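One structure is given here, and the rest of the page talks about it.
Letters A, B, ... are given to chains in the order of the sequence lines, protein chains preceding strands, and every chain is numbered from 1. Keep in mind the model is a prediction, meaning the values are calculated, not measured.
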Amino acid sequence: MSKTISLNDKNKDFFHSVYEVVRLIPKGRVTSYGAIAKYLGSARSSRMVGWAMNNAHDLNDVPAHRVVNRNGLLTGKMHFSTPLTMENLLKEEGVVVLNDQIVNFAQVYWDPNRELL
DNA sequence: CCGTTGACGCCAT
DNA sequence: TATGGCGCCAACG
């Protein structure tokens, strides 16, 4: 039995789609929760994208550190092994982070609605 | 079963 | 510009 997750088939699909999009984010680039939600057709379900990332922690092939909020703020840093993991991973990819804020956000921003199609 | 919370974001004031 | 309210919806107590 075992159902660590009690999601409906419909939502499983949503979560899975989120993982796919996140996997497509190029190294050194980032996107936002809202952009992913919109790309999946649920523009107002950005919170669910965040929840999906939480589940995604089990999968090692989902670069959750490349997803930030619409201001380029690292709001999800607390959910990583250490509060600095997210920031360090981004810096390793060339993303400039200062005070939990991506400085060159406009340059590294990757919008699935625009880049992907 | 019901009320709160939360990796968000848009809109009204 | 800053603050507050609401939509969204799964998980939790």
Ignoring hydrogens and angles, answer whether the base of C/dG7 and the side-chain atoms of A/Arg47 contain a donor-acceptor pair closer than 3.5 Å. yes
Span that lies between the P atom of B/dG3 and that of C/dC6, in whole angstrom: 16 Å
A/Asn99 CG: over 12 foreign heavy atoms closer than 6.0 Å: no
Should [X] and [Y] count as side-chain neighbours, where that means a heavy-atom distance under 4.5 Å?
X	Y	value
A/Val68	A/Thr75	no
A/Asn113	A/Lys38	yes
A/Val67	A/Val30	no

When clusters are formed by joining ILVMFWY residues with side-chain heavy atoms under 4.5 Å apart, either directly or through shared neighbours, do A/Met86 and A/Phe105 land in the same one? yes
Partners passing ring-ring contact (aromatic ring centres under 6.0 Å, His included) against A/His57 (at least two apart in sequence or in another chain): A/Phe80
If you group Ile, Leu, Val, Met, Phe, Trp and Tyr whenever their side-chain heavy atoms sit less than 4.5 Å apart, what else falls in with A/Val96? A/Leu98, A/Val103
Would you name the heavy atoms of A/Ser17 and A/Leu40 that are closest together and state the gap between them? CB-CD2, 3.6 Å
For a quick test of reading the model, state the closest non-hydrogen atom pair linking A/Tyr109 to A/Ser32 and the distance between them. OH-OG, 3.4 Å
Whole angstroms only, please: what is the [atom1]-[atom2] distance between [X] and [N]?
X	N	atom1	atom2	answer
A/Asp58	B/dA7	CG	C1'	15 Å
A/Met53	B/dC8	CE	C1'	13 Å
A/Met48	B/dA7	CE	C1'	11 Å

Can you list, in residue-number order, the parts of residues 84-106 of chain A that come under 4.0 Å of DNA chain B, counting heavy atoms only? none
Under a 4.0 Å heavy-atom cutoff, the residues of residues 60-74 of chain A touching DNA chain C are none
Here the residues of residues 16-46 of chain A within 4.0 Å heavy-atom distance, strictly under, of DNA chain C are A/Arg44, A/Ser45
Among all residues two or more places apart in sequence or in another chain, which pass the side-chain contact (heavy atoms from CB on, under 4.5 Å) test with A/Leu116? A/Leu24, A/Tyr39, A/Trp110, A/Pro112
Stepwise side chain to side chain donor-acceptor pair (under 3.5 Å) check, A/Glu93 with A/His65: CA-CA 11 Å; A/Glu93 299 183 356; A/His65 62 281; 3.0 Å; yes
